[in-house]
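First the proteins, then the strands, lettered A, B, ... as listed; each starts at 1.
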Amino acid sequence: MPQFKTSRSAILMLAVGLLLGMPVAADTDAEIVASREKGLQIATEQKQRDTGWGDSESNVLMVLRDASGNESIRRMRTLALEVTGDGDKSLIIFDEPRDVRGSAFLSHSHPTAEDDQWLYLPAINRTRRIASRNKSGPFMASEFAYEDMSSFELAKYQFRYLRDEAVNGVMCYVIERLPADKFSGYSKTIAWVDKEHYRVQKIEFYDKKQSLLKTLTASDYQLYLNKYWRPMLLRMQNHQTGKSTDLIVEELQFNVGRSAADFDVNVLERLR
Amino acid sequence: MIQRWLQHILAYPRLVTVLCLLLIIGSGLGIGNLYFRGDYRIFFTDDNPQLLAFEQMQQQFNKSDNILIAIAPADKQVFSAETLTLVRQLTEAAWQTPYSIRVDSLSNYQHTEAIDDDLWVADLVGDELELTRSELNKIAQVALNEPVLVKRLVSADGAVTAINITLQLPEQNLQQEVKEVWQAISGMLDTFKASHPDTDFYVSGVVAMNYAFAYEAENDVKTLIPVMFAAILLMLAWLLRSVLASLATLVIIVVTVVSTLGLAGWAGLFLSTATVNVPTILMTLAVADSVHLIASMQFALRRGDSRLQAIQYSLKRNIMPVFITSATTAIGFLTLNFSEVPILRDLGNMTAVGVMLACLFSLVLLPALLLFLPVSAGQHKDSAAGSADSTMLWLANMVIRRQQPLFWGMSIVIIGCSALITLNTINDEAVKYFAADTEFRQANDFLEQNLTGATTVDFVISGDQASAVNQPEFLTAVAGFTEWLQRQPEVQHVNSITDTMKRLNKNMHQDDPAYYRLPENQQQAAQYLLMYEMSLPFGLDLNNQLNLDKSATRVAVSLQNLGSKQLTAFESRALAYLAEHASAYSATAASTALMFAHIGERNMASMLQTLPLALVLISLLLVFSLRSWRLGVLSLIPNITPALVAFGLWGLLSGEINLALSVVAGMSLGIIVDDTVHFLSKYRAARVEGQAAEQAIRYAFTTVGRALWITTVVLVTGFAVLMLSGFRLNSDMGMLTALVILVALVIDFLYLPACLLKFDAKEYKTDATV
């Protein structure tokens with residue numbers, strides 16, 4: 001009985017739609033499809049241009065600021081390995097604060113499946129797996145969530161091209177990204193990707209209630225291996241709490257000879 | 001001088017009216033600038049030490065502005081599939097609250113568990129969890145044994161649970177933001193109430209309190225102002241018995257209120273729970289001026305004067321008394337400037353300006369209006385006045401006849417009542433500012449009885465270096481403090497990082513209960529926290545408990561609702577404990593409840609210091625207008641004693657002095673002094689003419705007795721209207737002020753004459769020559 005009701009009203013709506021709204025609806029539908037296609041196209045190009053870098057090693061400084069401007073720093077080394085056909089692998093070794101020195105965070109990301117994550121704690125000389133669905137929380141109490149820093153994979157989002165817009169004099173595509181993962185902390189993000197090099201200039205993060213939560217600005221782009229642009233400064237500003245975090249890349253090298261073996265779980269406990 | 005001025009006003013009534021109109025319109029336009037503020041911060045100056053401590057704490061840690069929704073299922077069983085599903089849904093919906101940055105509930109509590117060699121951190125009531133009997137038992141088992149949850153988000157008997165929404169209001173337009181939050185919450189709860197008719201929901205928290213402040217003020221506007229208008233119309237009809245005269249008075253009242261509010265708007269003031277009643281108070285005070293003027297005019301009309309003559313007569317007779325009484329009333333209200341509470345200062349200044357405007361309009365605009373209007377002399381006036389005057393004469397004779405018993409009897413009563421003042425204690429609890437039948441108060445009372453106290457105090461304990469929080473000695477000190485807090489009788493719940501640390505240590509050792517203790521060294525503590533923090537989802541981080549560089553931690557304590565004395569006592573006891581047992585670290589305490597607890601005493605202290613000043617000022621004014629030092633000194637008796645008696649009676653009636661009451665003495669002084677001025681000036685006039693004290697008292701009674709009686713009735717009615725407010729700061733203030741004014745009349749009629757007969761029996765030779 002209820003089913004019949006629903007279908008009848010559905011038919012009714014369809015009829016009304018056919019009579020009144022169809023041309024308009026078809027138009028907007030076509031527009032949406034087109035903007036999605038263009039969005040995906042741009043994202044694909046962005047990913048494409050960032051393919052083939054192999055492996056890298058960097059020293060990173062994080063400067064955290066609270067609402068009244070008090071600062072606190074974190075230091076870490078990161079190793080990254082590009083994996084074709086799957087998500088990238090990364091290893092973060094913490095140097096500061098002193099009391100977590102030597103702790104290491106290993107992540108095998110996957111485009112659609114949940115990432116595999118482990119944390120090695122030198123104080124108890126043990127490695128623990130971390131449930132990765134909780135990747136939306138702050139990383140080292142900073143304004144970056146782990147999901148903000150994990151590798152960019154096309155399958156993680158649904159894209160939509162919004163418009164062209166200049167950021168700091170650089171002409172950009174503005175792309176909306178809807179996260180596919182329901183454990184994401186965001187309802188959507190909007191990225192400004194420059195037209196010339198497909199570099200992310202800015203990202204706005206919207207929380208689950210659709211309010212602007214944070215803005216990431218990427219700057220000091222440098223060219224590596226004549227092909228890959230990397231920002232040396234990432235600044236994340238939280239608009240709701242007034243806190244911010246600067247992520248400063250102090251040193252970055254490519255082709256350091258890392259292989260999959262360096263990213264094996266068993267390596268963690270042998271790290272120095 | 002005054003004569004010529006009067007001639008001008010009466011010669012060009014149109015010009016005067018137009019000029020007044022311009023003034024009214026010019027100032028009235030400022031009403032557009034007025035806005036409303038209902039948040040609790042309006043009670044505190046920017047440099048209030050408790051506010052500063054609170055704000056500093058909020059900047060270092062996350063904000064603690066919140067909405068707390070208590071959920072009480074009819075079967076008193078939170079751990080049922082139905083209720084836990086409701087909690088889960090409500091938690092999800094709560095994230096949609098505007099400005100929310102965090103939602104804590106039973107369902108999204110991050111339960112930690114050691115599974116194999118891994119640390120499992122997940123929602124206690126996860127999305128996909130099947131709520132079978134055994135799962136429900138397990139959830140109940142975890143929740144009722146978790147110190148973070150019990151008596152905070154779930155009651156110890158599992159009958160009531162709560163969802164806490166932490167908000168970060170941008171504070172651009174706080175009033176609007178609070179309203180937005182409230183509407184979102186009510187809308188959300190309406191849906192859940194409809195689908196769960198057997199479940200009760202109660203909304204509390206700081207933002208709910210802010211909303212209640214605004215809502216009750218709005219309620220005051222909606223209910224008190226119409227009541228006040230009705231009361232004034234009734235009084236005018238009774239006193240003036242003339243429609244047009246009443247109309248003229250209404251005009252004066254309205255333009256006074258409009259220009260006062262407009263000037264306040266120009267001055268950048270805002271309306272608040274306190275100043276929202278300025279119109280009500282002004283109506284009361286303005287009505288007296290007009291009534292005096294019109295009554296005298298009607299008297300002159302009745303004896304056959306032309307309208308112009310009658311107005312001239314009335315002005316000549318009233319100009320000084322109206323001015324002096326307005327000035328003393330204004331001075332009384334200006335003493336509120338010494339209050340610690342900004343909105344009480346606003347109340348004082350707005351009323352003082354309003355009173356002087358009422359004086360101006362009564363002396364300038366009213367005569368012009370009366371020239372245009374064919375005001376009648378008022379019917380039955382002669383007989384009414386005659387009988388009133390004969391009543392007054394009888395009263396005068398009675399007082400003179402019984403002067404000895406009256407003097408001693410009243411002295412004893414006054415001293416006795418004054419002694420009762422000690423029954424009063426200063427108490428400022430923001431929650432108790434709301435009448436017991438208001439929605440906010442009922443939600444709070446329910447929480448208090450069924451879940452936890454709504455009073456919170458946050459302690460911040462800071463080490464002197466980054467990562468101090470991870471040091472074993474620091475953690476031991478905080479754990480010691482936490483245990484000490486839990487032993488205090490008034491403490492309901494303590495939220496401390498040390499409980500999390502102990503739990504993590506246990507988790508890291510395969511959930512072995514023997515390891516439910518603090519980690520052994522700094523590295524362990526730091527790395528457990530690192531691991532835990534990496535596992536927490538959006539919004540549920542530790543930033544509300546740990547500061548940026550982990551040099552400090554916040555310990556949040558919920559207490560049963562305490563009076564301000566007990567609360568400040570608890571604060572100093574806790575800080576003394578920390579000074580003794582954790583002297584290596586610095587500690588501060590802050591919360592909205594503490595802010596209110598301190599403001600009452602600070603306000604009382606400053607108001608008590610101001611009183612003598614106001615008294616001296618007003619007495620000097622009396623000495624000046626009575627031109628007699630002796631009468632000036634004697635006037636202290638009827639000026640001081642009413643407040644003493646009224647506060648004594650208050651000790652019997654209530655015994656609680658909140659910050660609105662601490663200003664009543666100064667405020668009412670300016671009003672009651674009017675009675676003394678009128679009475680003593682007539683008395684002196686008679687004495688200077690050579691009459692004996694007894695005869696002078698009879699003269700005073702018959703000439704101003706009725707006027708005093710009338711104004712007292714008007715004022716008592718006006719302030720009594722405030723008693724209808726659902727906001728106790730206003731209702732208590734109205735009641736006590738009405739009481740002071742009433743007692744003042746009794747003292748003026750029964751005690752002052754007896755005193756004059758006793759202490760002013762000498763002849764007035766010297767005065768006459770001066």
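Taking the six-membered ring for Trp and the full ring otherwise, A:Phe183 and B:Phe538 have centroids separated by 6.0 Å or more. Between A:His108 and A:Trp118, the ring centre distance stays below 6.0 Å. Taking the six-membered ring for Trp and the full ring otherwise, A:Tyr186 and A:Phe205 have centroids separated by under 6.0 Å.
Neither the backbone nor the side chain of A:Ile73 comes within less than 4.5 Å of any heavy atom of chain B. When heavy atoms are compared at a cutoff of 4.5 Å, B:Tyr99 approaches chain A solely by way of its backbone atoms N, CA, C and O. Neither the backbone nor the side chain of B:Asn547 comes within contact range of chain A, judged by heavy atoms closer than 4.5 Å. Heavy atoms closer than 4.5 Å to chain B are found in the side chain of A:Ser103, but not in its backbone. The contact between B:Pro98 and chain A is made entirely by backbone atoms, counting heavy-atom distances below 4.5 Å. For chain A, the nearby part of B:Thr97 is the backbone; its heavy atoms alone come within less than 4.5 Å. Proximity to chain B is limited to the side chain of A:Phe139, based on heavy atoms less than 4.5 angstrom apart.
Note on A:Pro122, A:Ala67, A:Pro97, A:Ser142: by heavy-atom pairs under 4.5 Å with chain B, the leading option is A:Pro122. When each of B:Gln524, B:Gln96, B:Gln56, B:Gln60 is scored by its heavy-atom pairs under 4.5 Å with chain A, the top score falls to B:Gln96. Ranked by heavy-atom pairs under 4.5 Å with chain B, the list A:Met140, A:Lys243, A:Arg126, A:Arg98 is led by A:Lys243.
Between A:Glu251 and A:Asn59, the side chains place a donor N or O and an acceptor N or O closer than 3.5 Å (distance only, hydrogens not considered).
By the 30° and 60° cut-offs, the orientation of the rings of B:His509 relative to B:Tyr515 is parallel. A:Phe159 and A:Phe152 have perpendicular rings, their planes meeting at more than 60° on a 0 to 90° scale where under 30° would count as parallel.
With salt bridges taken as basic N to acidic carboxylate O contacts below 4.0 Å, one links B:Glu146 and B:Arg503.
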